**Q** 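I'd like to ask some things about the structure below.
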Amino acid sequence: MTAAPKWNVVAHDGEAVVVVGLTAGFDEVSRIRCTWPEWPAVAETADAATRWVWSDTVRWYPRLLDAGIVLARCQDLRLCHAILRASALVADDAAAPLRAALAWDAPSAEAVTTATPALFDLDAGPGGVPDDLAEVLIELRRQEAAVTSSADPGRLRLLLAAESAGALLAAELHAAGLPWSRPVHEALLEEVLGARPAAGVHAPRVRELADVVRAALGDPAASLDSQPKLLRSLHRVGVLATSTSRWELAEYDHPVIEPLLQYKKLTRLESANGWAWLDEWAADGRFRPVYVPGGVVTGRWASSGGGALQLPRQLRPAVRADPGWVFVVADVAQLEPRVLAAMSGDLALAEAARGRDLYDGILAGGVVSSRAEAKVAMLGAMYGATTGDSGRLLPALRRAYPRAMALVDAAAQTGDDGGVVSTWLGRSSPPSSEGWRGVQDRAGAPDASEADRVRARRSARDRGRFTRNFVVQGTAAEWALAWLADLRGVLAAQPLAPAEPVASASGIVFSQRAHLCFFLHDEIIVHTPVAQAEQVADAVRLAAARAARLMFGDFPIDFPLDLRITADAAKT
DNA sequence: AATACAAGCGCG
DNA sequence: AAAGCGCGCTTGTATT
């Protein structure tokens, strides 16, 4: 009997789907041809330990989820290509073929179908990265060569596995959806905005506030939604603001300010998450944003549709577990500074973080005089603040945590100089753009003007702040992916409970056992039957501990979670 | 009429 | 409160 293949490569071969089993040495040990409708059945019978290799998770996985099939691991060639082609850990001669394979830089099939529906309507095919067997096999070899060319293949393998697990999870989160209570959302809207208005009309509370604002402006016809017009109206009554932003208006003492700020708050809720949003995004009792793994240069996920990255806290009460189910809601306290402590090997910062609120730890060390100061100083260090309270506190932070500060300062200097920085696992920042280098070159020319030099300084500093933050934000994203990947595996290994008697909005596979249903940078929500909630909570904590060890080995850093078990996900 | 951009505000 | 990073979405205005 042949050993299980290391990879199962799935691709198109003409009209057919073909699954090729490969050993670590790229020897073919199996080949199955099937039709697209047969693909789920073939995937289901394959060895569960084998890693699936495919062009783009969005192209292959949703069909399996529809059939109730969840896979353990994959290599998403599109996402891994993006990492490896740019990674400073990959040797130049192994990166060159990846950089030359431009077809693999295409956006995902999902992005293509949503961004250019006109193309998709025709028979032009779905676009995206290559999908036929020969191309896929060649790309897999290129990627393997890139990984083995590295001085530290282990880190890159970890990164590619985490990124690919994220791709699986993103599809699963979309399929499962976030349980969403339409009645709770509607009640909230009615309480704040009044009864649902006809299409194209403002809600009652909004209209009342508009009247109050116009009265205070002494102009019954004042336009409140056009910034230039509103600004002129404000100037007429003596409010000499330079913009209509909330924080600037709040500085002025005038009867129009309070109702105007309230008006802006309500119109924001109405337009961003009002009845129209509810109809479009959560009509079936699940909110299904499209998650975009690797959508941010730092490796964070982006999202498209419904604004999953910006669900206002105000709406959290509408996140409601199914009957008999609860949520395990967990977020990591101060993820980024903890990651910074670990990657810089800063024992003093790790000590401040251990077993407590990190900002309290900094305060306890006598570095600053309040928790608020500790927070603003730490954020300033990671974002590159130079002025204000944050800038003022940086010297104290530098004295107390020299290693951590040296790491972010060095990253900033590298970016300022036009260089590339990398995360802990080897995701590298984009190289400086041609335009950016042009600005720097101009400033260095003998006939450069003062304006040229000022512009160059500014863009260099801008880039420095980006690379400063890149290493921390990107490594935090890696930690989060490691956490998710571990947890996802543990949950998927749980035995299936009997199917719910009532069909779940999440489909059969997610109605039979605990599953992740939301992820946002450093926060997760697991939807679980009540009986398993404690067990799931333990798995969530254990996954965090294992992620820390996987990334940072024995370095003494911990990642405490704020965790609660609740039927409604409102923040406490 | 369609598209690009800026302002503003929501999230981490 | 904003400052210093990263995003998405809506609205109005400017451009074509």
Side-chain angles (χ1 to χ4, degrees), chain A residues 114 118 200 202 223-231 241-252 260-261 263-274 276-277 280-281 289-316 331-337 339-340 372-373 375-394 397 408-409 411-412 415 421 423 429-430 458 461-477 479-480 518-524 571:
Chain A
T114 54
H202 278 309
S223 167
L224 308 185
D225 300 319
S226 157
Q227 290 137 11
K229 291 176 188 167
L230 176 58
L231 209 51
T242 60
S243 82
T244 65
S245 60
R246 178 161 42 84
W247 51 88
E248 188 177 351
L249 292 180
E251 310 262 307
Y252 291 85
L260 178 56
L261 294 182
Y263 173 86
K264 287 162 82 79
K265 203 176 181 62
L266 296 202
T267 50
R268 165 80 193 189
L269 175 65
E270 186 181 42
S271 65
N273 296 101
W277 182 94
E280 184 176 358
W281 290 104
V290 174
Y291 295 91
V292 186
V296 180
V297 278
T298 58
R300 274 186 174 183
W301 289 11
S303 77
S304 99
L309 274 60
Q310 50 205 103
L311 269 187
R313 288 170 178 283
Q314 197 181 6
L315 254 59
R316 282 301 194 96
D331 65 88
V332 194
Q334 307 100 31
L335 174 57
E336 291 188 354
V339 156
L340 173 58
E373 277 193 354
K375 181 173 181 176
V376 83
M378 202 66 232
L379 291 177
M382 294 185 301
Y383 292 165
T386 53
T387 60
D389 288 348
S390 187
R392 181 172 54 76
L393 293 164
L394 288 189
L397 221 51
V408 286
D409 288 344
V421 297
T423 61
S429 64
R458 195 180 57 229
R461 298 257 189 243
D462 287 350
R463 190 160 190 279
R465 284 195 304 278
F466 166 66
T467 52
R468 170 190 291 271
N469 187 246
F470 182 95
V471 294
V472 180
Q473 186 182 118
T475 303
W479 185 91
F518 191 70
F519 167 52
L520 182 57
H521 307 319
D522 62 358
E523 175 187 7
I524 59 170
K571 279 263 185 194

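The figures that follow rest on heavy atoms only: side chains count, while hydrogens, waters and symmetry mates do not. Below, chains carry the letters A, B, ... as their sequence lines are ordered, and counting in each starts from 1. Bear in mind that the values here come from a model prediction, so they are computed numbers and not experimental data.
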**Q** For a 4.5 angstrom cut-off between non-hydrogen side-chain atoms, does A/L269 reach A/L315?
**A** yes
**Q** Output yes when A/R316 and A/E523 qualify as a salt bridge under the 4.0 Å nitrogen-oxygen rule, no when they do not.
**A** yes
**Q** Identify each donor-acceptor pair in which a side-chain atom of residues 378-394 of chain A lies under 3.5 Å from a protein atom, sequence neighbours left out, and give them as a table.
**A**
unit_1, atom_1, unit_2, atom_2, d
A/D389, OD1, A/R392, NH2, 3.4
A/S390, OG, A/V376, O, 2.9

**Q** Provide, to the nearest angstrom, the distance between the CD atom belonging to A/E248 and the C1' atom belonging to C/dA3.
**A** 15 Å
**Q** Please report, rounded to the nearest Å, how far the P atom of B/dG8 is from the CG atom of A/L266.
**A** 19 Å
**Q** Nearest-Å distance, CG (A/L261) to C1' (C/dA1)?
**A** 13 Å
**Q** Would you classify A/V376 as touching base, sugar-phosphate or nothing, given that sugar-phosphate means primed atoms plus P, OP1 and OP2, and contacts are heavy atoms under 4.0 Å?
**A** base
**Q** Quick one: label A/D389 by what it contacts on the DNA or RNA (base, sugar-phosphate, nothing), any heavy atom closer than 4.0 Å.
**A** base
**Q** Figure out the CZ/C1' separation between A/R316 and B/dG12, and round it to whole Å.
**A** 11 Å
**Q** With heavy atoms under 4.0 Å as the rule, sort A/K264 into base, sugar-phosphate or nothing.
**A** sugar-phosphate
**Q** Measure CG/A/L397 against P/C/dG4 and give the value in whole Å, please.
**A** 17 Å
**Q** Please figure out whether A/T386 or A/E251 has its closest DNA chain C nucleotide nearer the 5' end.
**A** A/E251
**Q** Rounding to the closest angstrom, what is the interatomic distance between B/dG8 and C/dA1 at atom P?
**A** 16 Å
**Q** Respond yes when some side-chain nitrogen or oxygen of A/T387 is under 4.0 Å from OP1 or OP2 of C/dG4, and no when none is.
**A** yes
**Q** Remember a base hit wins even if backbone is also touched, and classify A/R246 as base, sugar-phosphate or nothing at under 4.0 Å, heavy atoms.
**A** sugar-phosphate
**Q** What is the nucleic acid contact for A/T267, judged by heavy atoms within less than 4.0 Å: base, sugar-phosphate only, or nothing?
**A** nothing
**Q** Nearest whole Å is fine: how far is B/dC9 C1' from A/Y263 OH?
**A** 15 Å
**Q** How does protein contact run along nucleotides 6-16 of chain C, one letter per nucleotide 5' to 3', with B for base contact, S for sugar-phosphate only, - for none, heavy atoms under 4.0 Å?
**A** BSBSSSSS---
**Q** Figure out the CG/P separation between A/L231 and B/dA6, and round it to whole Å.
**A** 18 Å
**Q** Are the side chains of A/K229 and A/L224 in contact, using a 4.5 Å heavy-atom criterion?
**A** no
**Q** Side-chain N or O of A/R313 versus OP1/OP2 of B/dG12: is the shortest distance under 4.0 Å?
**A** yes
